[in-house]
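Start at 1 with the first residue, then count along the sequence. Side-chain atoms are counted along with the backbone in the values below, which use heavy atoms only and exclude waters and symmetry mates.
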Amino acid sequence: MARLFCCITVLHLLLLFKLNISAEAGVVGVNYGMLGNNLPPPNRVIALLKSRNVTSLRLFEPNHDALQALQNSGIKVILGTLNQDLQMLGAPDPSFARSWVSTNVIPYSKTVHFRCISAGNEVIPSDLAAYVFPAMKNLKAALNAAELAYIPVTTCVSTAILGASYPPSRGEFSKDSSLVMRSVAAFLAANGSPLLVNVYPYFPYVDNQEEIPLSYALFNSTNVVVKDGQLEYRNLFDAITDAVYSALEKVGGASIQIVVSESGWPSKENGDIATVANAQMYVNNLIAHVSGETGTPKRPGKSIESYIFALFNENLKPPGTEQNFGLYNSDMTEVYPVDFTH
């Protein structure tokens, strides 16, 4: 996650996922990270999700135990590449990209529903940013050659890509990001693929508590907090998302759909901000918001495909809040109850 505007009992887990979360009703998925040395094995996790008809999951990298467990589950999977593979994936010689697809996608293509392939996670802007667009092209070419052209290729960005974000209509990409994002946007628009965006109201709130009301960050405000021309904002999540939409429009990407690939709130390690109560409130309010057809002020009238960060607290992530975005502890006890019934 980037720190700019932008992560039991078996009975408890079964209760959480008792609803069939369908694409038609608004996709609410989960991020399944594995940076822990005490997490349950993938087959147990996927079996639980499968038994409850959870339909969307994000994997940050190809984990073959998880992919094997996902076979014939009906769960749609966003599959990421490792950031350190981007340079080879984007090389002039596309053989590594072909090998990556042959190893990680083709063996599962008949039994796993790949929602999309993400070339890297939050590397724009950075030294790796230049490899993202060529990696996307090579991966798409490899999928096409394997007769898997129906699988979209995209990348995942944080709101570190934005140079301006307030008000949302003035959203634009930063100088460090604009060239790469222009190429990425052209690719996505041409292929009808979404852009994955990690949206965390928590971080701007923490950095601007004097100016941002907590209720605005937690979806609790009943009043308009930001008025942007004719558009009115009652929550920070929509404002962040629409700022990225505005930036996309400025580089010819008006047709691109945003998929919120991560959003969440930590449950401890930051005083009275990162609390179980606030995390529970944010996540439940988020699910209710994105599952409905309100949309955002800029893109109203449809649900927002979104993925909660994250399924588990992961003890190998950096100490502090990073380890505490999970819905569940490593022993599969819930950190707090979540209502997926919206």
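No more than 12 heavy atoms of other residues, nucleotides or ligands sit less than 6.0 Å from atom CD of Q87. Within a 6.0 Å radius of OH in Y131, other residues, nucleotides and ligands contribute 12 heavy atoms or fewer. Other residues, nucleotides and ligands place more than 12 heavy atoms under 6.0 Å from the CG atom of N37. Taking a 6.0 Å sphere around CD of Q84, one finds it holds more than 12 heavy atoms contributed by other residues, nucleotides or ligands.
In this structure, L231 and S169 have side chains that are not in contact, with every pair of non-hydrogen atoms separated by 4.5 Å or more. By the 4.5 Å heavy-atom criterion applied to side chains, N121 and N198 are counted as neighbours. Looking at heavy atoms from C-beta onward, F237 lies in side-chain contact with S306 at the 4.5 angstrom threshold. Side-chain contact between V251 and M181: absent, with no pair of heavy atoms (C-beta onward) separated by less than 4.5 Å. Between D238 and H289 the shortest side-chain heavy-atom distance falls below 4.5 Å. Counting heavy atoms from C-beta outward, V335 and K268 have side chains that stay 4.5 Å or more apart.
Taking the six-membered ring for Trp and thresholds of 30 and 60 degrees, H64 and Y108 have ring planes inclined between 30 and 60 degrees apart.
For N284 (side chain) and V338 (main-chain N/O), no donor-acceptor pair under 3.5 Å exists by modelled atom type.
Cluster partners of L316 are L35, counting Ile, Leu, Val, Met, Phe, Trp and Tyr whose side-chain heavy atoms approach within less than 4.5 Å, directly or via other members.
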Derivation of the ring-ring contact (aromatic ring centres under 6.0 Å, His included) call for Y200 and F325: CA-CA 11 Å; Y200 285 96; F325 274 84; 5.8 Å; yes

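When only modelled atom types and interatomic distance are considered, T321 and N270 share no side-chain donor-acceptor pair under 3.5 Å.
Here salt bridge (charged side-chain N to carboxylate O under 4.0 Å, His left out) pairs that include residues 87-116, with residues two or more places apart or in two chains, are R115-E305.
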